[in-house]
Amino acid sequence: MLWTRELHCVREGTTALQDVELSVAKGEIVALTGPRGSGKTTLLGCLAGLLPHRGEVWFDDIPVHELPAGVRDRLRRERFGRVSDTPELLPELTGWENVALPLLLNGTGHRTARRAATEWLERLDAGDCARKRPAQLPRHRQQRVAIARALVHGPAVLFADEPAAPLHQGDRAQALRTLVAAARSHTITTVISGRPDEVAPLADRTVRLLDGRITAIDDSATATGSACSLSA
Ligand SMILES: Nc1ncnc2c1ncn2[C@@H]1O[C@H](COP(=O)(O)OP(=O)(O)OP(=O)(O)O)[C@@H](O)[C@H]1O
């Protein structure tokens with residue numbers, strides 16, 4: 001459902017990706033690992049249609065690389081979800097308003113959007129964040145709100161760039177498990193970057209990057225039911 005051909009990306013004179021060929025099946029959870037600067041963020045950005053590149057990126061039968069900017073933006077808004085290593089919430093909005101944003105931008109009515117946002121916050125064990133503004137929440141609660149926002153519109157694909165990075169050790173594993181469990185239960189294809197010891201056990205397949213190239217693909221890491229339980 002998501003694949004690249006001869007993907008090549010140069011960022012301010014640095015070759016950040018070269019000849020990346022990757023395909024991700026519907027509902028698959030792919031872990032992206034590699035040292036700092038290996039190209040994980042760049043690859044996620046190219047897959048999500050956020051960064052200019054050479055080569056091809058396909059989502060189902062849609063050539064994302066050929067889409068005009070407006071159509072690509074719409075595809076991203078409607079079919080993709082994104083979590084980064086910082087919560088990136090709007091400070092003036094409450095938790096539920098932040099979560100509801102993708103629905104409201106897609107034209108969903110206020111009441112329906114509020115209900116869906118509240119349900120997702122509860123599903124992610126963050127119901128208490130609904131009425132609070134980001135400044136009233138600790139970082140790990142903010143990140144839960146950001147995860148709910150990435151999932152609320154039922155995206156086909158979730159791009160998660162080191163989503164546990166801002167969290168304390170004790171919160172990291174649970175946040176990752178929650179995210180992956182939610183993706184699995186809604187058959188959301190997911191590409192998630194992070195530390196190999198944290199993301200590989202949750203994924204169906206691990207793709208390792210080094211200096212912008214894929215150096216290994218490991219499909220031996222089969223996620224267990226317990227690792228992916230929403231309540232774990
Ligand atoms: N905004 C940017 N402008 C210019 N070059 C960049 C930018 N972001 C990344 N790069 C370069 O692109 C290459 C890949 O970086 P990228 O951030 O994709 O790697 P990464 O594996 O995600 O690293 P990290 O774990 O540090 O986030 C690196 O050489 C980096 O210096």
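Whatever order the structure lists ligands and atoms in, that order sets their numbers, starting from 1.
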For W58 and W3, take the angle between the two ring planes, folded into 0 to 90°, and tell me which bin it lands in: parallel under 30, tilted 30 to 60, perpendicular over 60.
parallel
Taking 4.0 angstrom as the limit, do R82 and D161 come out as a salt bridge?
no
With a 4.0 angstrom cut-off on heavy atoms, strictly below it, pick out the residues next to ligand 1 and order them by chain and number.
R11, E12, T14, A16, P35, R36, G37, S38, G39, K40, T41, T42, E162
Would you check if there is a donor-acceptor pair between the side chains of T94 and E97 at a distance under 3.5 Å?
yes
Please report the closest heavy-atom contact between R149 and N98, naming both atoms and the distance.
CD-O, 3.2 Å
Tell me whether the centres of the aromatic rings in H153 and W120 are closer together than 6.0 Å.
no
Supply the members, apart from L167, of the Ile/Leu/Val/Met/Phe/Trp/Tyr cluster built from side-chain contacts under 4.5 Å; use none for a lone residue.
none
